[in-house]
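Data first, discussion second: the structure below is written as structure tokens.
Note: hydrogens, waters and symmetry copies are ignored here, and every other heavy atom, side chains too, is used.
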Amino acid sequence: MSEFSRLIPQLSAGLTGPAPASMARRDWLKTAGALTGLVLAVGAAGIVRAADAKEEKKYGADGMPHGTVDDPQIFVSIGADGIVTIIAHRAEMGTGVRTGLPMVVADELEADWTKVRVIQAPGDEPRYGNQDTDGSRSTRHFFQPMRRVGAAARGMLEAAAAKQWGVPVEEVAARNHEVVHEKSGRKLGYGELAEAAAALPVPAGDALRLKTPEQFRYIGKQSTRSVDIQDIVTGKTHFGIDTRLDDMLYASIARPAVLGGKVKRYQADAALKVPGVVKVVELPAGPTPPVFAPLGGVAVIARDTWAALKGRQALEIEWDDGPHASYDSEAFRKTLSEGAGKPAKAVRNDGDAMQALAGAARRIEAEYYLPHLAHASMEPPAATARVADGKCEVWACVQSPYGTRENVAKHLGMDMAAVTVHQTLLGGAFGRKSKSDFAVEAALLSREMGGKPVKVTWSREDDITNDYFHTVSVERLEAGVDAQGKAVAWLHRTAAPTIGSTFVADAQGQQPFELAMSAVNIPFDIPNFRVESVPVPAHTRIGWFRSVSNIPHVFAVQSFVAEMAHALGRDPRDYLLELIGPARKIAPADMSDGWNYGESPSVYPLDTGRMRKVVELATEQAGWGRKLEPGRGLGVAVSYSFVTYVATVVEVEVGQDGSLVVPQVHVAVDCGPQVHPDRVRAQVEGACIMGLSLATRSEISFSKGRTNQTNFHQYEVTRMSEAPRDIKVHLVEHGFDVPLGGVGEPAVPPFAPALCNAIFAATGKRIRSLPIRDQLKA
């Protein structure tokens with residue numbers, strides 16, 4: 001089940017089927033080609049393992065199945081040679097999760113990292129727990145369960161050694177891949193103990209002894225090497241595009257360029273004459289709403305990719321563009337602006353903002369625009385499927401392998417038990433690969449070809465023109481201040497198509513989870529606070545994008561704060577801190593049904609003290625207030641997203657010709673304790689570069705229902721020469737008594753407003769519409 005379905009059940013009716021039976025362990029052994037179970041040894045008789053885990057699992061309130069995610073019988077195995085194999089059940093797309101979570105297991109296990117191997121789990125949530133890699137939550141949700149996995153396995157090894165030596169278990173201890181008895185000096189390696197440990201019960205409750213943070217060897221340290229880095233730099237990794245099977249065929253699909261379009265008629269003769277082309281297949285038009293179904297179109301199947309592409313080019317297709325054929329993004333911008341200029345449904349209403357605005361000594365207002373965005377991950381969608389003998393196997397770069405399994409089974413009319421999804425590495429994703437339409441395409445075409453495996457690879461043009469785009473939006477803000485310049489009223493009208501339109505026909509108005517991304521949950525100390533959501537339709541597929549609705553909301557709110565400061569003759573940093581107000585903790589109940597990213601309000605209250613801290617840290621490190629040369633400026637912005645606090649200070653240099661250089665960026669991050677600090681810094685650095693790209697270059701626009709951009713010559717991204725010259729990441733230190741936050745997404749939203757605020761400080765030119773592109777030129 002997708003995370004969207006879990007969080008917004010009213011939008012997911014009919015999207016999920018009955019709970020599937022779990023894959024049998026021996027079938028997993030065959031398909032994965034690796035050991036599973038708690039502690040395993042391989043001898044002449046084959047695999048020695050602990051008893052199979054129960055097949056039936058039930059989900060808890062946190063979306064994770066009880067008794068599964070802390071079970072070492074599922075995640076850890078040890079061979080007679082001492083090699084520890086750990087299963088990674090989350091998708092690796094550059095975040096480092098295939099290293100981070102196994103590293104947590106290895107630390108508690110007291111394993112030697114050089115003797116650890118990691119293999120990827122197939123899509124099987126009843127066994128492995130939630131596998132949707134999204135929402136910056138992999139580590140924060142699975143840190144404690146993976147600790148318990150490692151600690152349980154360590155306890156079983158210690159118990160096996162104590163039993164063999166005939167000593168109390170309290171006298172033995174696991175140390176760096178061995179169990180040691182200090183009194184006698186005896187030692188046993190993990191491989192020597194594996195078979196005996198496999199027969200012991202799994203420790204639980206008081207018998208499960210977790211390490212103290214002072215005992216961590218890998219957790220929180222800087223130097224743990226990625227398990228994938230060697231294969232990545234030597235070209236040995238397996239991404240979605242890398243799958244090769246015997247007798248495999250290759251498909252290229254001509255899809256409708258307009259949402260809801262379909263094939264009116266087509267001529268395949270010229271395509272079939274291309275050497276290597278085997279067959280031309282029409283796929284039915286996609287449904288309304290689109291959900292994660294294929295768009296339909298005409299597929300050319302060939303013996304190699306080149307032939308498939310050339311055959312597709314030779315097709316003669318006449319399209320019926322359907323109900324969205326008139327979609328024009330410039331006209332729609334006016335629609336959004338008109339909507340944001342009128343009263344709409346209140347989604348947060350503290351005090352009486354309208355009356356306070358009417359009586360304010362001064363009113364300040366501004367409107368901001370952000371266009372559609374494409375994910376444009378380095379590896380476009382790619383999947384290979386083989387449908388034969390009543391079963392289906394899929395190899396794909398998907399963020400949700402279990403959701404993919406559900407989707408494929410639904411479209412094939414198969415029981416889920418007959419579908420296996422092998423998750424490959426993902427060459428980037430940013431939310432696009434949580435939608436498994438491309439895997440379904442491969443499965444349908446394999447069935448059409450009588451069971452031969454078929455690989456579907458999207459071209460860059462396919463990827464950009466047929467994406468699940470980040471929403472377009474207009475954000476209108478108005479504030480009232482008293483005679484002393486203190487804010488007394490706040491009005492925010494937000495107009496944007498909703499992701500809900502992907503699941504429910506004609507859905508309009510942002511959903512609660514979108515509005516709680518830095519709109520309704522802004523923690524400003526303003527007595528009269530009103531947020532309104534404008535209902536507008538969607539004319540293209542809308543999907544999750546890195547940091548989702550935080551991007552437009554934070555851009556507008558943090559830009560507007562700087563505008564207020566300027567209008568009042570105040571320092572932007574000082575005024576931002578004044579609006580945040582004194583340190584206090586706010587629960588979601590105080591945020592007009594704020595979602596708070598699905599987390600417990602008692603565990604993750606919105607802490608304005610932590611928000612203030614990152615603003616103070618980033619500005620201090622950037623030398624806020626220092627004298628700068630003409631044409632240079634500093635800008636600041638802060639956001640709370642995915643239960644993490646990020647403040648960004650951008651320094652810019654704007655030339656007389658409008659050229660833009662970013663000499664330095666300072667980012668203060670409070671994500672709680674850091675499990676893998678190097679990877680945290682890498683994610684923040686990447687988020688800054690992506691934030692710069694979205695602010696300065698990237699835009700998807702539409703004419704006659706079609707995107708005006710088809711590849712990187714039109715959908716521009718930041719080049720290396722334009723990247724910030726220096727990014728300094730400052731991590732707020734915490735002990736492990738503080739809950740973990742998210743890392744992959746939170747540093748994206750504050751970058752654009754910090755950049756635009758810096759441009760204003762340098763030039764006096766206010767940017768309210770993205771991308772910036774040529775707006776700085778005279």
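Between the side chain of S136 and the main chain of G742, no donor-acceptor pair closer than 3.5 Å is present. When atom types are taken as modelled, the side chain of E110 and the backbone of N176 share a donor-acceptor pair closer than 3.5 angstrom. Under a 3.5 Å cut-off, the side chain of D231 and the backbone N or O of D228 do not form any donor-acceptor pair. In this structure, the side chain of H177 engages the main chain of D112 through a donor-acceptor pair within 3.5 Å. Side chain of Y645 to backbone of D607: a donor-acceptor contact under 3.5 angstrom is found. A donor-acceptor pair is defined here as one N or O able to donate and one able to accept, closer than 3.5 Å; no such pair exists between the side chain of E125 and the backbone of Y128. The backbone N or O of P72 sits nowhere less than 3.5 Å from a side-chain atom of R148 that would complete a donor-acceptor pair. Using modelled atom types, no side-chain atom of Q399 and backbone atom of Q131 make a donor-acceptor pair closer than 3.5 Å. With hydrogens and angles ignored, the 3.5 Å screen pairs no side-chain donor or acceptor of R209 with any backbone N or O of D206. The closest donor-acceptor contact from the side chain of Q621 to the backbone of V667 lies at 3.5 Å or more, if one exists at all.
Residues I83 and Y190 fail the side-chain proximity criterion, which asks for heavy atoms closer than 4.5 Å. Residues L740 and Q144 are not in side-chain contact: their nearest non-hydrogen atoms beyond the backbone lie 4.5 Å or more apart. Within the 4.5 Å cutoff, no side-chain heavy atoms of V743 are placed close to those of T139. With a 4.5 Å cut-off on side-chain heavy atoms, M156 and V202 count as touching. A heavy-atom distance below 4.5 Å is not found between the side chains of M103 and I86. In this structure, the side chains of F142 and V105 stay at 4.5 Å or more apart for every pair of heavy atoms. With a 4.5 Å cut-off on side-chain heavy atoms, S138 and T95 do not count as touching. Contact of the K433 side chain with the M93 side chain is not registered, since no non-hydrogen atoms from C-beta on lie closer than 4.5 Å.
Between R137 and E599 there is no salt bridge, since no side-chain N of the basic residue sits under 4.0 Å from a carboxylate O of the acidic one. The pair R386-E393 counts as a salt bridge, with a side-chain nitrogen and a carboxylate oxygen less than 4.0 angstrom apart.
Just one of K211, R154, R217 meets the salt bridge (Lys or Arg N to Asp or Glu O under 4.0 Å) condition when paired with D107; it is K211.
In this structure, H666 and H730 have parallel ring planes: the angle between them is below the 30° cut-off, well short of the 60° mark. The aromatic rings of F736 and F216 lie perpendicular to each other, with more than 60° between the two planes, well past the 30° mark.
Remark: K221 NZ is packed, more than 12 non-hydrogen atoms of other residues, nucleotides or ligands lying under 6.0 Å away. In this structure, I241 places its CD1 atom where only 12 or fewer heavy-atom neighbours from other residues, nucleotides or ligands lie under 6.0 Å away.
Nearest heavy-atom pair across V680 and C671 is CG1-SG, 4.4 Å. Contact detail for F438 and A396: the closest heavy-atom pair is CE1-CB, 4.4 Å. The two residues A160 and L200 have their closest heavy-atom pair at N-CD1, 3.5 Å. Nearest approach of A647 to V614, heavy atoms of both residues: CB-O, 3.3 Å. The two residues A583 and G609 make their nearest non-hydrogen contact at CB-CA, 3.7 Å. Here the closest non-hydrogen pair linking C688 and I727 is CB-CD1, 3.9 Å.
For the atom pair CD (E685) and NZ (K728), the distance works out to 10.5 Å, reported to the nearest 0.5 Å.
Under the rule for a side-chain hydrogen bond (donor to acceptor under 3.5 Å, both in side chains), T644 has no partner lying at least two apart in sequence or in another chain. Taking the side-chain hydrogen bond (donor to acceptor under 3.5 Å, both in side chains) definition, one finds that Q215 meets it with T212, sequence neighbours left out.
Residues Y640 and D670 bring no donor and acceptor atom of their side chains to less than 3.5 Å of each other. In this structure, a donor-acceptor pair under 3.5 Å is absent between the side chains of S434 and D134. Between the side chains of Q674 and R681, no donor-acceptor pair of N or O atoms lies under 3.5 Å.
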